[in-house]
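Both backbone and side-chain heavy atoms feed into the values below; hydrogens, waters and symmetry mates do not.
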Amino acid sequence: MSGSAARLSAIKAVTDFKPISEPLNFATTASGDLYGSNVFNISVMEKRLPKQVFKSVKKTIEKGEPLDAGVADVVASAMKDWALEKGATHYAHVFYPLTGITAEKHDSFLSPDGKGGAINEFGGTALVQGEPDASSFPSGGIRATFEARGYTAWDVTSPAYILENPNGTTLCIPTAFVSWTGEALDKKTPLLRSMKALNVQALRVLKLFGHKDPGMITATCGPEQEYFLIDRNFIMARPDLINAGRTLFGAPPPKGQEFADQYFGAIPDRVLAYMLDCERELYKLGVPVKTRHNEVAPSQYEIAPIYENANVASDHQQLLMLTLKRVAHKYGMECLMHEKPFAGVNGSGKHLNWSLGNGAVGNLLEPGSTPHANMQFLVFCAAVIRAVHKHATLLRAVVAHAGNDHRLGANEAPPAIISIFLGAQLADVFEQIKKSGEATSSKKAGTLTVGVDTLPPLPKDAGDRNRTSPFAFTGNKFEFRAVGSSQSLSGPLVALNTIVAESLDYIATELETATGGDASKLNAAVQKLLKDITNAHGAVIFNGDGYSEEWHAEAAKRGLPNNKQTIDALPAITDPAVIEMFEKYQVLSKREVESRREIYFEQYVLTISVEARISLEIAKTTIYPAAIRYAGELAGSVTNLKAAGVAADTTVLTKVSGLVSALVEKIAGLEDAVAHLGGGGHGVANPQESAIHCAKSVVPAMVALRGVVDSLEGVVADDHWPLPTYQEMLFIK
């Protein structure tokens with residue numbers, strides 16, 4: 001195979017890959033025994049805590065009751081002993097700043113005893129509160145750079161766990177992160193507040209339906225994570241993948257995903273070994289991963305857990321992403337979670353499956369076999385419909401970032417228009433409600449006859465699924481498909497929980513007023529309410545092809561917003577109605593909301609600035625020299641042929657020379673666009689203005705430069721081309 005020396009070396013390293021460690025012996029410990037073995041969970045606490053202390057902590061976790069300050073020392077002592085038995089030398093307060101990453105501050109258990117020795121110490125104060133430096137995290141104007149104090153606060157509802165390392169273990173304690181002024185500097189604090197708001201309003205509705213003591217209602221979440229696995233030898237030869245997580249240049253390979261032969265195909269041995277290792281580590285941490293499979297694009301895969309409390313699910317999702325990345329190195333691969341690491345093939349999302357309920361009342365979005373007669377379900381479903389229609393721009397805003405701009409609206413992901421897919425059965429039920437005020441029937445699920453005698457009849461759902469919908473009902477939950485693969489779940493969850501809480505508040509108030517406490521009036525009040533909501537908000541329901549041009553035209557007629565880019569979507573975060581809602585339910589203050597808008601604009605600018613600088617670096621120091629050398633080689637050959645009296649075809653030389661000239665021109669255009677950001681793209685004086693400049697000037701200049709580079713890849717001799725190609729990265733495993 002031809003190619004540059006660096007590329008050939010990378011290909012040889014990939015094909016000669018040998019596992020770094022011995023294969024795992026899965027027969028020694030059953031998965032069930034591994035599950036939760038490194039988690040300080042309810043079961044462990046019950047065994048190690050005094051009965052009264054355990055009951056107090058359990059009430060906080062399961063019923064949302066305030067934490068008794070007196071139990072912290074007892075819990076800390078038991079947690080320390082458990083961690084030391086597992087080899088821990090340090091503990092870490094784990095938190096989630098507004099960068100979207102997982103942050104940690106590690107402290108040793110050891111303290112000098114004053115006699116030349118040391119003792120292990122870990123008290124209630126150390127468990128409950130930590131103090132990492134907050135000055136270097138984005139605060140969106142909440143804190144000045146010189147104001148450094150920030151606090152981490154123990155989240156008792158998310159269990160502590162042991163994180164293993166070849167040289168030891170660390171006790172990790174999930175925490176909230178707030179400023180000295182008490183304002184949220186993190187992703188967890190608003191999520192916990194939004195779950196509290198959702199619980200309060202859901203309980204009001206359940207009370208109307210006769211539930212006396214239903215317990216705490218929680219949002220539940222089961223996110224699907226898509227990702228790419230690429231050999232690290234290729235990654236190390238691609239500065240764009242190292243720095244930006246995506247390829248900024250790369251011509252389409254002769255074969256892409258058109259055969260759909262990757263999708264749900266047999267998992268390659270090396271990848272399957274990696275997946276099994278990841279699952280083993282995640283089981284130890286109590287992460288309930290369930291599904292694994294090949295995704296549509298070559299070298300793309302998916303992992304999905306089952307449902308959990310949304311706060312725990314969000315923490316577990318961060319752990320899952322860290323584990324996927326960490327274990328990949330063991331197998332000589334890099335796990336890419338960028339939404340679009342490769343142009344021309346499908347990108348990656350993180351489908352957020354959302355519902356609400358608890359063990360006592362079950363899943364409140366479970367329609368049952370006769371949804372038309374299930375008033376309680378219809379009310380909660382209507383609350384979601386109203387919430388999504390009323391706050392569509394907010395939902396679009398919380399999934400808006402530079403990575404997702406490459407994905408949303410393409411023929412692989414939902415469009416930027418936020419609509420709801422209900423399926424045939426529920427769409428019919430709500431259509432009946434819209435027309436007559438009540439539904440009297442539901443389409444039956446039935447069975448599917450395959451036509452093969454040896455195969456049994458299959459249960460058939462009452463409605464199909466719709467992969468083009470950004471917000472789809474999928475049986476007993478809603479799937480928010482627009483979330484980006486690299487994102488924290490927290491932002492979308494905070495938005496979902498809060499807008500549904502607002503709708504449940506509206507519904508509870510309407511029904512309380514209409515019934516006046518008389519249960520016999522509930523049925524009529526619900527029918528009227530459902531009809532009013534369907535008439536007012538039914539425009540958001542769409543069961544067709546979200547990719548079609550006809551839908552875009554129809555959505556515009558319905559008045560549904562279509563904010564295609566991040567710069568169009570983010571301003572909705574500080575819409576006065578959004579701020580009023582967040583403040584009303586005490587999820588975010590006005591300052592906290594405004595800070596997030598500023599941070600998200602700033603993150604967008606920083607992302608595009610980094611990509612632009614890397615594009616320039618590669619184009620100037622790697623592509624241009626390679627193209628010039630090849631042009632010189634061609635020119636020399638032409639000269640030699642002419643000297644020998646042989647007619648020389650200069651077509652390729654002319655094309656390469658023209659592309660080199662265009663390359664110089666496009667480099668200058670991108671340099672000019674970046675220069676206008678100020679500070680060479682390093683500073684963000686006005687985040688929104690800078691973001692607009694990035695979207696309107698820097699990104700188009702990058703696209704223009706890429707067009708020339710990708711054209712050069714198609715004509716420059718293979719042994720001159722310096723970067724690993726798509727064909728190599730995606731198909732050599």
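Applying the ring-ring contact (aromatic ring centres under 6.0 Å, His included) test to every pair with at least one member in residues 28-55, sequence neighbours left out, gives these pairs: F40-W82.
Between K63 and E65 there is no salt bridge, since no side-chain nitrogen of the basic residue lies less than 4.0 Å from a carboxylate oxygen of the acidic one.
The shortest heavy-atom contact between R407 and V483 is NH1-O, 3.5 Å. When all heavy atoms of L365 and F473 are compared, the pair lying nearest together is O-CZ, 3.6 Å. Minimum heavy-atom separation, I267 to H293: CD1-CA, 4.3 Å. Between S485 and G349, the closest heavy-atom pair is CB-O, 3.6 Å. The two residues C335 and A328 make their nearest non-hydrogen contact at N-CB, 3.9 Å. For C221 against A313, the heavy-atom pair with the smallest separation is O-CB, 3.7 Å.
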Are Q376 and H211 close enough, and set up right, to give a side-chain hydrogen bond (donor to acceptor under 3.5 Å, both in side chains), and what steps lead you there?
-> CA-CA 11 Å; Q376 181 176 287; H211 296 273; 2.8 Å; yes
K188 vs D315, salt bridge (Lys or Arg N to Asp or Glu O under 4.0 Å): CA-CA, chis, key distance, verdict = CA-CA 9 Å; K188 177 182 280 287; D315 287 359; 2.7 Å; yes
Carefully, step by step, assess Y91 and C172 under the rule side-chain contact (heavy atoms from CB on, under 4.5 Å).
-> CA-CA 6 Å; Y91 65 93; C172 296; over 6 Å; no
In sequence, state the C-alpha distance, the side-chain angles, and the governing distance for Y307 and S355, and then conclude on side-chain contact (heavy atoms from CB on, under 4.5 Å).
-> CA-CA 9 Å; Y307 275 78; S355 190; 4.3 Å; yes
Between E226 and K350, does a salt bridge (Lys or Arg N to Asp or Glu O under 4.0 Å) hold up when you go through it step by step?
-> CA-CA 6 Å; E226 296 171 341; K350 193 195 315 269; over 6 Å; no
Go through the steps for R204 and D505 under the test side-chain contact (heavy atoms from CB on, under 4.5 Å), then give the verdict.
-> CA-CA 8 Å; R204 287 178 62 200; D505 182 3; 2.6 Å; yes
So Y331 and V271, side-chain contact (heavy atoms from CB on, under 4.5 Å) or not? Walk me through it.
-> CA-CA 8 Å; Y331 293 86; V271 173; over 6 Å; no
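A distance of 8.0 Å separates CG of L336 from CZ of F228, quoted to the nearest 0.5 Å. Here the straight-line distance linking atom CD1 of I306 with atom OG1 of T220 works out to 11.5 Å at 0.5 Å rounding. Rounded to the nearest 0.5 Å, atoms NZ (K196) and OG1 (T218) are 16.0 Å apart. Atom CG of L282 and atom CG of N38 lie 11.5 Å apart (nearest 0.5 Å). From N358, atom CG reaches atom CD1 of I217 across 4.0 Å, with rounding to the nearest 0.5 Å. Atoms CG and NZ, on L229 and K733 in that order, are 9.0 Å from each other to the nearest 0.5 Å.
Remark: aromatic rings of F177 and Y96 are distant, center separation not under 6.0 Å.
A donor atom on one side chain and an acceptor atom on the other are found under 3.5 Å apart for D186 and T189. Between the side chains of N311 and S158, no donor N or O sits under 3.5 Å from an acceptor N or O. Remark: the E164 side chain and the T169 side chain contain no N/O donor-acceptor pair separated by less than 3.5 Å. For N41 and S43, the side-chain atoms include no donor-acceptor pair closer than 3.5 Å. Between the side chains of S348 and Q300, at least one donor N or O sits under 3.5 Å from an acceptor N or O. Side chains of E308 and H316: a donor-acceptor N/O pair is present below 3.5 angstrom, by distance only. Between the side chains of H329 and E334, at least one donor-acceptor pair of N or O atoms lies under 3.5 Å.
Using modelled atom types, one side-chain atom of R193 and one backbone atom of V587 make a donor-acceptor pair closer than 3.5 Å. Under a 3.5 Å cut-off, the side chain of T175 and the backbone N or O of V94 do form a donor-acceptor pair. In this structure, the side chain of E302 does not engage the main chain of E295 through any donor-acceptor pair within 3.5 Å. A side-chain donor-acceptor contact under 3.5 Å links E592 to the backbone of A184. Under a 3.5 Å cut-off, the side chain of S56 and the backbone N or O of Q52 do not form any donor-acceptor pair. Checking side-chain atoms of N497 against main-chain N and O of L493 turns up a donor-acceptor pair under 3.5 Å. Of the possible polar contacts, one joining the S179 side chain to the T181 backbone as a donor-acceptor pair under 3.5 Å is found. A distance-only check finds no donor-acceptor pair linking the side chain of E224 to the backbone of I303 [under 3.5 Å]. At distances below 3.5 Å, at least one donor-acceptor pair connects side-chain atoms of S503 with backbone N or O atoms of A383. K477 contributes no side-chain N or O that, together with a main-chain N or O of W354, makes up a donor-acceptor pair within less than 3.5 Å.
Between S488 and Q318, the closest side-chain pair of non-hydrogen atoms falls below 4.5 Å. Within the 4.5 Å cutoff, the side chain of Y600 has no heavy atoms near those of the V398 side chain. Residues L127 and V75 have side chains in contact (heavy-atom distance under 4.5 Å, counting atoms from C-beta outward). Here the side chains of Y274 and M333 are in contact, with some heavy-atom distance below 4.5 Å. With a 4.5 Å cut-off on side-chain heavy atoms, M195 and N309 count as touching. K187 places none of its side-chain heavy atoms less than 4.5 Å from the side chain of S314. The shortest distance between side-chain heavy atoms of K284 and V39 does not fall below 4.5 Å. The side-chain heavy atoms of L395 and V399, taken from C-beta on, include no pair separated by under 4.5 Å.
More than 12 heavy atoms of other residues, nucleotides or ligands shown are found within 6.0 angstrom of NZ on K86. Annotation: N165, atom CG; neighbour count of heavy atoms from other residues, nucleotides and ligands within 6.0 Å is above 12. Within 6.0 Å of CG on D33 lie more than 12 heavy atoms contributed by other residues, nucleotides or ligands.
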Exercise answer: donor-acceptor pairs, residues 44-51 side-chain atoms, under 3.5 Å, sequence neighbours excluded:
residue: R48; atom: NH1; partner: E85; partner atom: OE2; Å: 3.4
residue: R48; atom: NH2; partner: E85; partner atom: OE1; Å: 2.5
residue: R48; atom: NH2; partner: E85; partner atom: OE2; Å: 3.4

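The side chain to side chain contact (heavy atoms under 4.5 Å, CB included) test with E502 singles out one residue from H391, Q201, K584, and that residue is H391.
Using the six-membered ring where Trp is involved, H90 and H106 have ring planes that are tilted, between 30° and 60° apart.
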